[in-house]
Amino acid sequence: MSCTTQSLRGSLKKMTFITAPTTTATGSDIRVRFCPSPTGTPHVGLIRTALFNWAYARRTGGKFIFRIEDTDASRDSEESYGQLVEGLRWLGIDWDEGIDTGGPNEPYRQSERGEIYQEVIEKLKSSGHLYESFLTGEEIEQRNIANSRAVQLGYDNSERDLSEEDRQSYLSEGRKPALRLRVPDQDITFVDLVRGEITFPAGSFPDFVLVRPGGAPLYTLVNPVDDALMGITHVLRGEDLLSSTPRQIALYNALVEAGVATFIPRFGHLPFVMGEGNKKLSKRNPESNLFLHRDRGFIPEGLLNYLALLGWSISADRDIFSLDELCENFEIENVNPNPARFDQKKADAINSAHIRLLTDEDFMGRILPYLQSAGVIQGEPTAKQLEILSAAAPLTKERVIVLGDVPAMVEFLFVDVADLKIDEDALKQLPENAVEIVAAATASLQNLEDFTTDAIHQALSDALVDGLGEKPRNAFGPVRTAISGRRVTPPLFECMEILGKEQSLARLEAFAQSR
RNA sequence: GGCUCCAUCGUUUAGCGGCCCAGGACGCUGCCCUCUCACGGCAGUAGCGCGGGUUCGAAUCCCGCUGGAGUCACCA
């Protein structure tokens with residue numbers, strides 16, 4: 001009996017070849033997914049992966065599925081899970097199926113799919129693709145040393161045809177077997193969507209473990225199984241998974257033979273997002289943290305535009321584009337395989353360009369939370385504060401890189417004379433006759449009926465430039481400092497109009513007295 | 001070490017045999033605009049890793065080298 005099984009297995013082994021077809025899905029049949037595991041805060045490299053998958057689905061009319069890979073209870077956290085969802089929502093990356101949204105392949109968290117995996121494992125076992133492996137890592141290493149086989153080669157597939165006696169003997173010792181995939185002895189070739197044809201020679205990797213002793217399925221099983229079950233046609237993921245692709249193709253082939261899947265998806269491996277030096281942007285690097293960018297005041301449009309530029313471009317002479325434009329033009333085949341470095345300066349420039357593209361009203365709405373968290377506005381804004389905000393918005397929009405720059409720039413508009421602080425660097429560059437200039441300014445404005453930008457400008461020019469013979473730069477500097485306490489501000493005359501005549505004059509007088 | 005991937009200005013990207021003694025953007029420098037700072041405009045700076053082929057012609061194709069990266073878990 002065992003002899004028959006042996007020879008049967010032997011012939012089965014010889015017959016194990018990659019015969020399963022690769023998907024031919026195009027257009028709306030395309031199904032892509034984003035399947036992070038919830039560890040730590042969302043990383044910009046991860047977000048770039050999500051973005052490209054999403055853009056590809058939107059470009060092709062396909063479906064974007066959001067699944068969570070939380071099979072490692074020790075590393076996964078609910079907090080991280082929440083952040084992933086929050087991050088995507090904030091960015092406006094929406095999904096057609098998955099977490100919260102639901103869909104025909106529920107549940108979308110691997111921690112809730114245990115029964116599904118057990119069924120698949122049974123099918124794989126009964127179709128002869130899995131076999132029991134009792135050797136521990138230590139024993140495998142010892143075997144290699146004893147056989148003068150390189151230790152790095154790992155497992156030697158020695159239990160492929162374990163005899164029933166040996167099996168019983170292991171079991172009687174109380175050992176429980178892991179389950180390994182019988183990997184075909186064959187070169188594995190696939191056409192990577194971003195890199196072209198890639199071949200891994202036969203023997204590149206040993207039979208690998210899919211199920212832990214005790215029955216807990218590993219990522220190696222669960223990731224391709226879920227992709228298969230969810231009908232994923234295109235797997236776009238980080239370059240770090242490139243060398244595991246032949247393993248997954250081998251598994252897929254088994255899945256097809258076992259009747260679990262019907263095709264092998266196509267793969268595309270996205271270049272790394274690098275940090276300083278030649279290292280992958282690690283979670284230790286602050287700029288890898290999605291929420292740090294948000295807290296600084298990146299807007300989703302800016303961050304996503306920049307991230308898209310890491311490996312892709314919309315055309316030869318343009319790099320500012322909207323999400324809609326990304327979706328209309330994104331082609332996975334155009335993704336550059338080179339690793340790309342995250343450059344904060346460039347990211348900042350892209351973000352500030354997008355901020356300038358915002359309408360004043362939109363901008364105003366977006367800076368409010370930043371003003372609140374900086375304490376410039378406490379709680380809900382008053383009508384007066386909204387009025388100031390609305391007047392200041394167009395003035396500041398053009399001169400910030402991130403929304404977080406706004407509070408310091410406009411704070412002086414929201415405080416009373418008594419609370420106005422005069423910065424050191426503003427005082428330092430004042431001319432000798434600053435007090436004289438401010439006094440002249442006060443005099444010229446006191447009787448100004450029409451306290452508007454143009455009228456203020458006219459009055460001050462007449463008094464200071466024509467009257468005192470000062471260069472404009474010297475003339476308005478002290479006024480700016482008196483009004484704002486700062487060296488750099490939004491346009492002065494507009495600011496004075498926003499403050500109003502009374503407040504402006506009060507500040508000029510307070511300044512003169514303090515000198 | 002085995003296997004795999006990658007290689008154009010400081011950075012990012014265009015280039016898929018002649019349109020390129022290599023284009024855009026960011027950065028940096030200078031100038032203009034200007035009440036400061038920005039914005040905007042103009043100009044400048046700087047690159048095909050090396051060596052062989054193939055070809056009338058190569059940044060583009062092939063091979064080798066060098067360099068960099070990833071991966072070889074009962075992590076994901």
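Remember, it's a predicted structure, so these values are computed and weren't measured experimentally. Every heavy atom of this structure was used, including side-chain atoms; hydrogens, water molecules and symmetry mates were not.
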Residues in ring-ring contact (aromatic ring centres under 6.0 Å, His included) contact with [X], at least two apart in sequence or another chain:
X: A:H354; answer: none
X: A:F321; answer: A:W312
X: A:F272; answer: none
X: A:H293; answer: A:F298, A:F342

Name the nucleic acid region contacted by [X], choosing base, sugar-phosphate or nothing; use a 4.0 angstrom heavy-atom cut-off, strictly under.
X: A:R195; answer: sugar-phosphate
X: A:E470; answer: nothing
X: A:A340; answer: sugar-phosphate
X: A:G311; answer: sugar-phosphate

Considering only distance and modelled atom types, tabulate donor-acceptor pairs under 3.5 Å from the side chains of residues 464-483 of chain A, sequence neighbours left out.
| unit_1 | atom_1 | unit_2 | atom_2 | d |
| --- | --- | --- | --- | --- |
| A:E470 | OE2 | A:N433 | ND2 | 2.7 |
| A:R480 | NH1 | A:T489 | OG1 | 2.6 |
| A:T481 | OG1 | A:G477 | O | 3.2 |

Under the salt bridge (Lys or Arg N to Asp or Glu O under 4.0 Å) test, residues paired with [X] that sit two or more places apart:
X: A:K125; result: A:E122
X: A:R149; result: none
X: A:R109; result: A:D70, A:E78
X: A:D226; result: A:R67, A:R113

Heavy-atom closest pair, residues A:G302 and A:I350: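 Reported closest heavy-atom pair: O-CG2, 3.6 Å.
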Closest approach of A:G485 to A:L420 (non-hydrogen atoms, all atoms of both residues):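 The pair with the smallest heavy-atom distance is N-CD2, 4.3 Å.
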Between [atom2] on [N] and [atom1] on [X], what's the gap in Å once rounded to a whole number?
X: A:L445; N: B:C35; atom1: CG; atom2: C1'; answer: 14 Å
X: A:F321; N: B:U13; atom1: CZ; atom2: P; answer: 12 Å
X: A:L193; N: B:C5; atom1: CG; atom2: C1'; answer: 16 Å
X: A:I314; N: B:U12; atom1: CD1; atom2: C1'; answer: 16 Å
X: A:N334; N: B:U12; atom1: CG; atom2: P; answer: 19 Å
X: A:E197; N: B:C3; atom1: CD; atom2: P; answer: 18 Å
X: A:E287; N: B:U11; atom1: CD; atom2: C1'; answer: 13 Å

OP1 or OP2 of B:C5 under 4.0 Å from side-chain N/O of A:N338: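 Looking at the OP1 and OP2 atoms of B:C5, neither is under 4.0 Å from any side-chain N or O of A:N338.
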A:D454 and A:T452 side chains, donor-acceptor separation under 3.5 Å: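 No - no donor-acceptor pair under 3.5 Å links their side chains.
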Any side-chain donor near an acceptor of the partner, A:T453 and A:E497, under 3.5 Å: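 There is such a pair (donor and acceptor under 3.5 Å, judged by atom type) between the side chains of A:T453 and A:E497.
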First encountered from the 5' end of RNA chain B, between A:S313 and A:G477: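 This one resolves to A:S313.
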Tell me, for [range] in 5' to 3' order, what letter each nucleotide earns: B for a base near a protein heavy atom under 4.0 Å, S for only sugar-phosphate near one, - for neither?
range: nucleotides 64-76 of chain B; answer: ----SSSSS-BBB
range: nucleotides 19-26 of chain B; answer: ----BSBS
range: nucleotides 37-47 of chain B; answer: BBSS-------

Between [N] and [M], how far apart are the two [atom1] atoms, rounded to whole Å?
N: B:U8; M: B:U60; atom1: P; result: 12 Å
N: B:A25; M: B:U45; atom1: C1'; result: 15 Å
N: B:C56; M: B:C20; atom1: P; result: 23 Å
N: B:G64; M: B:C6; atom1: P; result: 14 Å
N: B:G40; M: B:C72; atom1: P; result: 46 Å
N: B:C9; M: B:C35; atom1: C1'; result: 38 Å
N: B:G41; M: B:C48; atom1: C1'; result: 31 Å
N: B:C39; M: B:C62; atom1: P; result: 44 Å

Which base sits across from [N] as a Watson-Crick or G-U pair, both distances under 3.5 Å?
N: B:A58; value: none
N: B:C48; value: none
N: B:C20; value: none
N: B:U71; value: B:G2

